[in-house]
4 protein chains.
Amino acid sequence: MNFLSDNIVGASVPVLEALMRANDGAMPAYGGDDITRRIKARFAEVFEREVAVFLVTTGTAANALALSSIVPPYGLCMCHKEAHVIDDECGAPEFFMHGAKLAGLPGVGSKLTATAVSAYLEGLPKAIKQMPPKALTISQVTESGLVYGLDEIAALSAVCKAHGLSFHMDGARFANALVTLGCTPAEMTWKRGVDILSFGATKNGCLMAEAIVVFNPTLAEGLDYRCKRAGQVISKGRLIAAQLEGYFANDHWYDNARHANRLAKLLGDGLSQLPGVRLGWPVEANEVFPILPAALNRALKEQGVLYHPWTDGSLPANERVGEGEALVRFVVSFATREEDIRRVLDIARSASARQAAE
Amino acid sequence: MNFLSDNIVGASVPVLEALMRANDGAMPAYGGDDITRRIKARFAEVFEREVAVFLVTTGTAANALALSSIVPPYGLCMCHKEAHVIDDECGAPEFFMHGAKLAGLPGVGSKLTATAVSAYLEGLPKAIKQMPPKALTISQVTESGLVYGLDEIAALSAVCKAHGLSFHMDGARFANALVTLGCTPAEMTWKRGVDILSFGATKNGCLMAEAIVVFNPTLAEGLDYRCKRAGQVISKGRLIAAQLEGYFANDHWYDNARHANRLAKLLGDGLSQLPGVRLGWPVEANEVFPILPAALNRALKEQGVLYHPWTDGSLPANERVGEGEALVRFVVSFATREEDIRRVLDIARSASARQAAE
Amino acid sequence: MNFLSDNIVGASVPVLEALMRANDGAMPAYGGDDITRRIKARFAEVFEREVAVFLVTTGTAANALALSSIVPPYGLCMCHKEAHVIDDECGAPEFFMHGAKLAGLPGVGSKLTATAVSAYLEGLPKAIKQMPPKALTISQVTESGLVYGLDEIAALSAVCKAHGLSFHMDGARFANALVTLGCTPAEMTWKRGVDILSFGATKNGCLMAEAIVVFNPTLAEGLDYRCKRAGQVISKGRLIAAQLEGYFANDHWYDNARHANRLAKLLGDGLSQLPGVRLGWPVEANEVFPILPAALNRALKEQGVLYHPWTDGSLPANERVGEGEALVRFVVSFATREEDIRRVLDIARSASARQAAE
Amino acid sequence: MNFLSDNIVGASVPVLEALMRANDGAMPAYGGDDITRRIKARFAEVFEREVAVFLVTTGTAANALALSSIVPPYGLCMCHKEAHVIDDECGAPEFFMHGAKLAGLPGVGSKLTATAVSAYLEGLPKAIKQMPPKALTISQVTESGLVYGLDEIAALSAVCKAHGLSFHMDGARFANALVTLGCTPAEMTWKRGVDILSFGATKNGCLMAEAIVVFNPTLAEGLDYRCKRAGQVISKGRLIAAQLEGYFANDHWYDNARHANRLAKLLGDGLSQLPGVRLGWPVEANEVFPILPAALNRALKEQGVLYHPWTDGSLPANERVGEGEALVRFVVSFATREEDIRRVLDIARSASARQAAE
């Protein structure tokens, strides 16, 4: 009953099998092999257009490298103030962007709105002493488990275009968002104005495989060199490519995401029916953010259910966490079993009933 | 018959099996797991002392991160002028060191001598406009396939100590050097004054697993953050640690290196007996650098033997490559089979005999 | 009647004269001259201890270089959220610190309190993905024209020591703060735990002369090289040193600051007596931040009085700027004449009276 | 008799006077003033075209900033192996270019030839692990005191265009080269394909005033922000602009350079007539590089003549410095008096005669 994150498990079976298959024989190193070539073509199919694809081993590297290709060292990149890039990557973006700055904007559910971004941009002083805005990055799924709708993405993109900014999507949980929206990868990205994407695959089934997908080809210039100088071009490159082959094959990635999202919904629905429990934000992907009474929180922990406490900085204004309550996060993964969810709910229901009785 | 490099093959079976075993179940992410803890303890055993260990996915990252912790941004780091760090890493060291400079020194067989390093240091102007020397890095095995002897390492280390420099070893082919010298890991490193090591494991059997091993603990300060901000802390961290468990178990790494070195010797001996063929440098590890007559070079290629042409910048002064000759490199790996070597030698002998007859 | 800033005027006469005197004859370049040697000794006298001194041409360079020597590239540096370093230097600190991050904390009057800094530090997650705090920087005078008291500095320093942080003071208006407190330079800095200081002299009378003063000698290591690689070691170095000789001679710097502070007080007192006018913060140095009724604001501008609008982010909670009011900033310099102040006050009084009559 | 460099003297009188004149009154800070506007227009006149101009305080900053705008962090910039940028700026270019690499090429008289540059470019491996060439920088006057002819500049520019490289000129001694060639600034720069120029003025009469002049406007994008984040935008900006006004007025800069060049010729001619003395390179600007017999070298030093020893790395192949000889450098400045030259020559002649007699 470990819900700490979706990277606490290993890889899924089809991914592992693809890796095994790719292991034999000699192939050119550094991504010059056929499997890498095939997977790049596969990305073009998945996104229904020519794309430039760069394979890396971590989401942090994908984000930092992507941003480094759209923000000059003297530029400003807007993000949500709780975004992974600004809060959880130990300054990787600033390192790769050579000192460019991330500006963290507020927004309910870790979501940025076109209105807020627009207002922020209007309010920026235009002087040599202020770094000029160059890009916007959003997380799809957001850090509060919400999914940007297609219209929201389009609206943000319109603001970017109006101000000459590049638009990046951190798709660490890309597949989870996709199955929620029921749209195509193309519809969720370049068809709505996204220029460059961190395509996450590790959390949803791979060992260590992430891709930077560039829709705007001029932004890809030099990115191959940037990856190499970041130590992100692994020598046995086929071993990342192969993971992604297993990931894409037979819609395995969709299946994994659908499974995680469904179980998250189940968990959220179950918890929110308990007395005194409400959800900080609706369950839109594979994360559940319940606000728990202290006693229930304690009981779950005592029974060995693992999850993280969460900050309330992105709750709606009228949704503060009260005294004696705790906002927490459960993350459901492709490997979570339905019985795990049921067990957690059983524990929660029992504890809740017992507490009501006391 | 592919001798282009030792990274053209996948992982060895024990490494893969260890990876499979580690894949199941939930474990803390980002290296907080038990396997990572175990492997760090294993490194301490292997090196017979307390060490700080950082796991990364590429040798380029290992080198660049290691150097970044011993060279300040305004410092100078000496290396051989053909060193991997200066020539083959697309500026990764300069990126991670934030603009610090690599000074490439000459030396036969891509080897630096204590005398040459000392002379270079004496000749450096001492002025604010010149970057102060801060570190020395050597490659063990060198780029010409030679192995630094223990006395040579100690002598270089003495120069470093005398000038207040840190001493780094790029051990991309650490195991191959070790079996050549027949010494312990400790003897080849900290017992001879090495401060920090890039411990290569990918070329010798892993998928993507390298370690930075720090013997001088003060140099390790902040290196964990440096790894994270470089996007080198993979989330499912156990999957690197597990590779190394398989690598170390039952002396598998020694076996792999011994195998490769033995076959390289076989290849070198066979080739050097052919008329008109001589070796640029002796075979001391798993690489062979023959100087081939043009006709033989052509014949081998026509028969599908794959290898790289090589530059002659590090040949001894009296060993220039003549007109109609080619210096080339064969790399033998743990996965090379003895029959592959025999086949190459057969092809070479036939071609040589045919050419003699013509 | 230009109150836009204290850098809109040239140098003061004694500074210029010192520059003229230093211009003749041949002297070693790059700061190897006697005047530079003398001025470094002078700093030691001024601060009553051995100090390391580095002369640069801008306050931005002084700050960025100072911070680069106390914050590693992966570190966090706390400052007020309106600090010059985070808001007005186009990312120079991030550039010189190689991507280290500035964390902007709130505080009334652009002042940080020991309590707030302490609370922030306690709240920081301790994980590899969060940059570790390494330094605190404060502005003396603050961006709202306030002066940290000696106890406040000592309290902040105590927090720094408790958390192993370095403590930097941006003394762009160092002299103005000094005459306000009536203490010695030593008392306002290292005797209260300041490790490193940006000593501003340009605003208070020089052409372009700032100094980084390092009290903690271990922090000075490599700072000479950092200055050089930043293009901040001017070749005719004596020409900066000479300015500072003129600046220090006969307490000229104290006179300049006292003059500016006195006139600022005069202006503040005069304005605050007008109906509907109040001060955002008390006048503690050479800046006045009145909140003006819109009509008065308009009248002053129409009469050619120049000053900047200001943001109200650092006002006390109960001091919001109302509809039809404007918070503005007047900066008084060493070159401002008392008659300029009187003229502004006359204009303001007339306008105010006229408006009352309407 | 100080010939150590041309930056050991102060500013020339007309420059100082212009500075004095500009000192009075209030003007916008950070280069928003009229004098700065005027000087930018003046540069456009001087170069007979629209140019983007950025004023900085050191040649190192000018070079490093200029290169940072034409070389991406992963790029390679070619220069002569003795160029100031690679040898005397403490890594400033690498800092500002964020780790991009300088490749030092050989060439007689510190001069690069189109043939040598072309050959170097052809020889570069084209692989992801090698940094791609992005720019060429030359020093006009070279580090050996030679002046590139217009055809030589055009030929280098043609190589740049053919390989898609930007072309930078380090004009630390721009005026000295100009009066040697007797051409216009336009002819020596953009009319021969130079994209961006470090326009030196400090050595030839200013206090601290250098300009980056950008002929190719797309290269100027963001350079204003780069200057600001480098701490190179001085707040009382008019004080740099004013120096340049004095510098340009009445062809003062030409006069200064003509004077220095003429006296250098006088010194070179005089020295080379002495027995056993020859010049390492012809005197083409304001520097003289004699190869002196040891006794003469000693005698000059004993008489208090100051100059630097020099390295012989750029001598023609048949011009090695013999045992008992010394290659040295004399730099003549605008402030050197003809009588100083005559005195040095008298001392040299006497010493030479005395030594012949012994």
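Quick caveat, the model's predicted, so the values are computed rather than measured. Chain letters run A, B, ... following the sequence lines, proteins first and then strands; every chain starts at 1.
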For the candidates B:Ser235, B:Gly237, B:Pro93, which exhibits the highest count of non-hydrogen atom pairs separated by less than 4.5 Å from chain A? B:Ser235
Would you tell me whether B:His252 and B:Ser12 have side-chain atoms, one donor and one acceptor, within less than 3.5 Å of each other? yes
More than 12 heavy atoms from other groups under 6.0 Å of CD on A:Glu338: yes
Taking B:Ile234, B:Val9, B:Asn2 one by one, which has the highest count of heavy-atom pairs under 4.5 Å against chain A? B:Val9
Salt bridge present between A:Asp33 and A:Lys236 (N-O < 4.0 angstrom): no
Indicate whether any N or O donor in one side chain lies under 3.5 Å from an N or O acceptor in the other, for A:Glu210 and A:Thr202. yes
Picking from A:Lys203, A:Glu94, A:Gln232, A:Met27, which has the most non-hydrogen pairs under 4.5 angstrom with chain B? A:Met27
Under a 4.5 Å cutoff for heavy-atom pairs, which residue among A:Thr57, A:Thr60, A:Ile240 has the most contacts with chain B? A:Thr57
Checking A:Phe96 against chain B: side chain, backbone, both or neither under 4.5 Å from a heavy atom? both
What part of A:Val233 gets closer than 4.5 Å to chain B, counting heavy atoms only: side chain, backbone, both or neither? backbone
So for atom CZ, which belongs to A:Arg38, do other residues, nucleotides or ligands contribute more than 12 heavy atoms lying within a distance under 6.0 Å? yes
So, the part of A:Leu4 with a heavy atom under 4.5 Å from chain B: the answer is neither
With a 4.5 angstrom heavy-atom cut-off, could you sort out which part of A:Ser5 is near chain B: side chain, backbone, both or neither? neither
For A:Leu65, which atoms come within 4.5 Å of any heavy atom of chain B: side chain, backbone, both, or neither? neither
Go through the atoms of A:Ala64 and report whether side chain, backbone, both or neither lie under 4.5 Å from a heavy atom of chain B. neither
Could you check whether A:Ser198 and A:Asp170, counting side-chain N and O atoms only, form a donor-acceptor pair closer than 3.5 Å? no
Greatest number of non-hydrogen atom pairs under 4.5 angstrom with chain B, of A:Gly91, A:Ala22, A:Ala61, A:Ala26, falls to A:Ala26
Contact class of A:Asp88 relative to chain B, heavy atoms under 4.5 angstrom: backbone
What part of A:Arg226 lies closer than 4.5 angstrom to a heavy atom of chain B: side chain, backbone, both or neither? neither
Using a strict 4.0 Å threshold on nitrogen-to-oxygen distance, state whether A:Arg21 and A:Glu245 make a salt bridge. no
Give a yes or no on whether the ring-centroid distance for B:Phe334 and B:Trp253 is below 6.0 angstrom. no
A:Asp24 portion near chain B, given a 4.5 angstrom heavy-atom threshold: neither
State, with a plain yes or no, whether a side-chain heavy atom of B:Leu19 is found less than 4.5 Å away from one of A:Leu207. yes
